[in-house]
Amino acid sequence: TQLLEQSPQFLSIQEGENLTVYCNSSSVFSSLQWYRQEPGEGPVLLVTVVTGGEVKKLKRLTFQFGDARKDSSLHITAAQPGDTGLYLCAGQTYTGGFKTIFGAGTRLFVKA
Amino acid sequence: GAGVSQSPSNKVTEKGKDVELRCDPISGHTALYWYRQSLGQGLEFLIYFQGNSAPDKSGLPSDRFSAERTGGSVSTLTIQRTQQEDSAVYLCASNDGTDTGELFFGEGSRLTVL
């Protein structure tokens with residue numbers, strides 16, 4: 001069974017602070033995605049990382065895929081209240097098709 | 001439609017009744033997923049359909065849960081003899097079946113079992 005563990009589960013910070021969310025597994029993934037979910041809506045894709053060691057930047061968000069493709073991190077610089085939401089990592093493995101499983105999520109609250 | 005459509009958006013039922021939840025994926029998407037999300041929690045994988053392959057049912061929590069996907073398009077998740085612990089939001093998603101394919105989600109069906 002592939003499991004994705006996210007930490008921390010909950011994070012409450014002040015506007016302007018930096019934060020990092022971690023996603024770890026003992027399994028190797030062909031790719032890894034990060035999604036963000038707001039209340040009452042489905043998750044929306046932020047980024048997909050494919051190559052071990054890959055780093056992608058999306059404005060104030062930096063995503064890294066571990067060299068062994070088992071873990072990933074999301075770093076937010078100078079967090080804003082608009083960053084508040086549930087952040088989910090999702091890994092893709094091949095089981096006759098590319099199946100996506102999700103971590104438990106990190107709920108971020110940024111206070112103004 | 002342009003996006004993933006789910007119905008009903010809300011369902012309140014009594015313990016022991018059966019419920020059916022429907023998902024209409026994006027046209028042309030070969031992969032369809034059902035996930036369950038309890039309040040404030042992550043997404044629990046339930047079942048995965050990919051093209052004409054046998055579905056991956058490894059996430060279904062009990063034999064009260066079943067799902068079908070007819071004609072490679074619309075899917076129905078059925079929960080028999082509902083229990084209070086089945087209360088959750090049931091999310092459907094679809095993609096093109098590739099390893100980097102973005103999952104597009106519906107808005108979910110919120111199930112409340114009294």
Side-chain angles (χ1 to χ4, degrees), chain A residues 1-12 21 23 25 27-51 54 56 65 69 84-109, chain B residues 2-6 9-10 21 23-26 29-61 69 72 88-110:
Chain A
T1 302
Q2 300 107 3
L3 290 175
L4 274 169
E5 297 184 352
Q6 274 188 249
S7 61
Q9 291 184 321
F10 181 80
L11 197 53
S12 179
V21 176
C23 179
S25 176
S27 300
V28 175
F29 294 99
S30 60
S31 62
L32 195 138
Q33 297 172 324
W34 286 90
Y35 289 79
R36 180 177 164 210
Q37 185 181 25
E38 301 201 32
E41 299 179 4
V44 175
L45 180 68
L46 294 174
V47 78
T48 301
V49 285
V50 179
T51 305
E54 182 176 2
K56 280 192 174 178
F65 201 12
R69 307 210 315 275
T84 294
L86 180 66
Y87 289 82
L88 297 153
C89 67
Q92 287 73 42
T93 57
Y94 188 79
T95 57
F98 286 102
K99 173 180 162 182
T100 301
I101 60 167
F102 282 80
T106 294
R107 184 162 298 281
L108 172 64
F109 182 66
Chain B
V4 177
S5 178
Q6 290 189 245
S9 54
N10 276 287
L21 308 177
C23 173
D24 198 347
I26 291 174
H29 277 184
T30 58
L32 184 149
Y33 294 78
W34 284 98
Y35 296 94
R36 178 168 71 174
Q37 187 173 36
S38 299
L39 188 62
Q41 302 299 307
L43 274 64
E44 176 189 3
F45 168 79
L46 296 178
I47 188 168
Y48 161 59
F49 297 89
Q50 170 57 46
N52 295 321
S53 301
D56 181 337
K57 305 179 182 180
S58 61
L60 295 178
R69 188 179 186 193
V89 175
Y90 290 81
L91 288 164
C92 176
S94 70
N95 73 4
D96 60 9
T98 64
D99 63 336
T100 56
E102 175 180 359
L103 277 176
F104 292 86
F105 283 83
E107 293 190 345
S109 293
R110 180 177 296 278

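Note: hydrogens, waters and symmetry copies are ignored here, and every other heavy atom, side chains too, is used. Order of the sequence lines sets the chain letters (A, B, ...), proteins ahead of strands, with each chain counted from 1.
- With sequence neighbours excluded, the residues forming a side chain to side chain donor-acceptor pair (under 3.5 Å) with T98(B) are D96(B), listed by chain and number.
- Only the side chain of S53(B) has a heavy atom closer than 4.5 Å to any heavy atom of chain A.
- Contacts between D99(B) and chain A at a heavy-atom distance below 4.5 Å involve backbone atoms as well as side-chain atoms.
- For E102(B), the parts lying near chain A are the backbone and the side chain together; criterion is any non-hydrogen pair under 4.5 Å.
- For E5(A), the CD atom is loosely surrounded, since the number of other residues' heavy atoms within 6.0 Å does not exceed 12.
- Of the two parts of Y35(B), only the side chain, counted from C-beta on, holds a non-hydrogen atom closer than 4.5 Å to a non-hydrogen atom of chain A.
- Of residues 42-49 of chain B, those residues lying under 4.5 Å from chain A by any heavy-atom pair are G42(B), L43(B), F45(B), Y48(B).
- In this structure, R110(B) places its CZ atom where only 12 or fewer heavy-atom neighbours from other residues, nucleotides or ligands lie under 6.0 Å away.
- Proximity of L86(A) to Q37(B): side-chain heavy atoms (C-beta onward) are separated by under 4.5 Å at one or more points.
- In this structure the side chain of S58(B) reaches within 4.5 angstrom of the side chain of K99(A), judged on heavy atoms.
- The line from CD of Q41(B) to CZ of R107(A) is 8.5 Å long, rounded to the nearest 0.5 Å.
- Taken from CD in Q33(A) to CG in N95(B), the straight-line distance is 8.0 Å, to the nearest 0.5 Å.
- Proximity to chain B is limited to the side chain of L88(A), based on heavy atoms less than 4.5 angstrom apart.
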Does the side chain to side chain contact (heavy atoms under 4.5 Å, CB included) test come out yes or no for Q37(A) and L91(B), once each step is laid out? CA-CA 12 Å; Q37(A) 185 181 25; L91(B) 288 164; 4.1 Å; yes

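- Other residues, nucleotides and ligands contribute over 12 non-hydrogen atoms within 6.0 Å of the CD atom of E54(A).
- Heavy-atom distances place no part of Q6(A) under 4.5 Å from chain B, backbone and side chain included.
- Of the atoms belonging to Q6(B), not a single heavy atom falls under 4.5 Å from chain A.
- Contact annotation for T48(A): only side-chain heavy atoms (C-beta onward) come within less than 4.5 Å of a heavy atom of chain B.
- Neither the backbone nor the side chain of Y94(A) comes within contact range of chain B; no heavy atom of the residue lies under 4.5 Å from a heavy atom of that chain.
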